[in-house]
Amino acid sequence: MKKSTLTLLAALTLASGVAQAETFQEVFNKHRAMYGKGHEFTYEGKTYQTYHPEEVEAMAEPSRDNAEALVASAEAKRQDAAAVGYEWRFTGRILKQAQEALAEERYQDAMDLAAQAKYQARMAIQQQAYAEENWHLAVPE
Amino acid sequence: MRRLTALICVATAVTAVSGPVAAASQEEMIELGRAVYHDKTRGNCISCHNINDPVANLPGNQGPMMVAMKQRYPDKRKLRAQVWDATVANPLSIMPPIGKHWILSEEEIDAVVEYIYQY
Amino acid sequence: MKTIRNWLLGAGLVAVAPLALAAETGFTLETVDPEADRLALQEFYQKRFPGVPVEEYVNGIYAVDPPSREQWDALMEFPPYEFDLEEGKVLFETPFANGKTYADCFENGGIGIRHKYPYWNKEEGTVKTLEQEINECREANGEEPLRWKKGAIAQISAYMAWTSRGKTFDIEIPEDDPRALQAYLDGKQFFYAKRGQLNLSCANCHLQGSRVLIRADLPGPMLGQPTHFPVYRSKWGEIGTLHRRYEGCHRDSRSVPLPPQSEEFRKLEYFQTYMSNGLVVNGPGARK
């Protein structure tokens, strides 16, 4: 009896360890999915808001320098997604719009569009990594 | 620090704008949701989910019909989460992760949820 | 207490499941078993559409959806690809500037060979498709290559398929070159992996979503898909190649599509055609 209780305890400890292994991204997504943007949540004792990192970047002062930097980093991410063969169809188009906005000195628009493109590129890269690990689950036995 | 202040300002501004708008125009939101739901280039939800609305044209049936939504999702936020990313519940789902992949904006998702929650 | 024990049991099962799966599905070079894949796929469709004989799958959606079949039968009274077939025959037989013809490039003069494509080319270390070799034949004889998706290349390919009608697909994966099996495995992975902003795999529509409406469209089963290409597609209003369709599907997932005859698409064709081994060539076809 004692032994089995111990085993149970060990198993529970292990299981709770597994439960806590919910990644920041998973917790973030759960809250963003239910509440949308700007909702507060806590993860491992710290408080966060449901803005994508790219959206936070787009909240910097809308200046030429900031817009140029964000557009450039979004373009780099797009290229990373293309390099793994998973570039999404409209990311390039959104980036083009961002560049047009930049040329017309509409810096906030440029930053918002670049943030969207950069987020898409990050998701595409994630999607490729996930597919690589999990594609076999779809194969009929 | 300046950046942080800017961030807080923007966040406040967003709340200030979206709060009253959402509250003032539930009907407008439903109309937006309806447009997004049926428009091929926006949500195109109708391509897989039938709905008992006279504007429904050539509905598909890859997914369940939009009925008894309040019974199926007593918590509206759970419904929103399902629209946002259906692969959480079923990784093989054919349903695109509407929010996670930024197929629709968060505002459009809110609107679609309001629209379908009537059914 | 009982709940906890059950729950633990469940957790244990979850932990064990991936290992069990790894042994069966064959998704590594060591474990992949193309014949097992092919039989599992047939079984999948036989459960999904009971009573439809396997050999019927060369007819795509019309094999499994009687209302569509009725419309299609009416359409096939005057097959829309007839003109392309005639044109393809003329193009096939017209000598190049140097006096040679396509017949000089292919086994058996290019007649009745469609069922052997695509194949693994050991010397080049790659999958070769029929369209690819049509263009290689042209270039070897000093002619410009044709564009991959439609027009002359689809017409020539259609004629070559027509001369092979009724022959059974027999795609081989040579055992003396592991790269061939790897190419098959890559094609298989491509088919099942989700991609694009819409997060769709080929399997989403053509396996689990086959014969289920997307608006007014019914996706056809994957089994038998390559047997009837090239096709005259009403939506195109003309004849087109398999890779044109691949590119369109890929784009529809909201991916930046790969180009026709890219290595990935050729591997996909290799996998898909192997899955159709045992079925007959019935190209060219007509589709909605």
Side-chain angles (χ1 to χ4, degrees), chain A residues 22 25-41 48-63 66 81 86 88-91 94 107-108 111-113 115-127 130-131 133-140, chain B residues 1-19 21-22 29 32-33 41-42 44 73-114 117:
Chain A
E22 206 175 22
Q25 189 66 57
E26 282 164 353
V27 175
F28 177 96
N29 281 358
K30 199 184 275 179
H31 285 87
R32 173 97 178 201
M34 288 195 292
Y35 301 98
K37 274 187 271 194
H39 174 79
E40 259 183 23
F41 69 97
Y48 299 88
Q49 282 195 316
T50 53
Y51 289 108
H52 296 312
E54 295 84 357
E55 288 171 335
V56 173
E57 285 185 87
M59 287 172 187
E61 199 182 319
S63 65
N66 284 339
Y86 262 63
W88 291 357
R89 189 172 161 201
F90 297 134
T91 310
I94 296 166
Y107 300 128
Q108 189 61 62
M111 287 163 74
D112 289 341
L113 288 160
Q116 186 180 0
K118 191 175 175 181
Y119 174 79
Q120 286 196 358
R122 178 161 65 90
M123 286 302 112
I125 292 164
Q126 246 181 47
Q127 182 185 40
Y130 180 85
E133 291 297 314
N134 297 286
W135 66 271
H136 63 275
L137 298 175
V139 181
Chain B
M1 190 58 208
R2 196 163 145 201
R3 201 184 138 118
L4 192 72
T5 318
L7 197 154
I8 292 164
C9 286
V10 171
T12 319
V14 168
T15 331
V17 173
S18 70
V21 168
M29 209 150 140
L32 172 64
T41 60
R42 298 172 87 179
N44 200 19
Y73 294 94
D75 183 350
K76 205 199 284 181
R77 284 168 303 193
K78 294 270 168 65
L79 172 60
R80 193 188 194 282
Q82 175 66 9
V83 174
W84 201 84
D85 184 8
T87 67
V88 172
N90 171 15
L92 299 179
S93 176
I94 190 172
M95 174 147 168
I98 305 293
K100 188 185 178 195
H101 282 194
W102 207 323
I103 294 164
L104 295 177
S105 69
E106 298 293 333
E107 294 75 17
E108 286 170 322
I109 292 172
D110 285 334
V112 167
V113 169
E114 289 303 323
Y117 210 55

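Here is how names work: the chains are called A, B, and so on, in the same order as the sequence lines, proteins then strands, and each is numbered from 1.
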Closest non-hydrogen contact found for A/Q120 with B/W102 is NE2-O, 4.0 Å
Quick one: list whatever passes ring pair (Phe, Tyr, Trp, His ring centres under 6.0 Å) with A/W88, sequence neighbours left out. B/H101
Under 4.5 Å from any heavy atom of chain B, what part of A/Q25 do you find: side chain, backbone, both or neither? neither
Give me the atom names and distance for the closest heavy-atom approach of B/A81 to A/M34. CB-CG, 3.9 Å
So which residue, A/Q127, A/R32, A/K37, ends up with the most heavy-atom pairs under 4.5 Å with chain B? A/R32
Does any backbone or side-chain atom of A/F90 lie under 4.5 Å from a heavy atom of chain B? Answer side chain, backbone, both or neither. neither
Ignoring hydrogens and angles, tell me if any N or O in the side chain of B/R77 forms a donor-acceptor pair with the backbone of A/H31 under 3.5 Å. no
Atom group of B/E107 that falls short of 4.5 Å from chain A, counting heavy atoms: side chain
Enumerate, atom names and distances included, each donor-acceptor pair closer than 3.5 Å involving a side-chain atom of residues 90-100 of chain B, sequence neighbours excluded.
unit_1: B/N90; atom_1: OD1; unit_2: B/L92; atom_2: N; d: 3.0
unit_1: B/S93; atom_1: OG; unit_2: B/M95; atom_2: N; d: 3.0

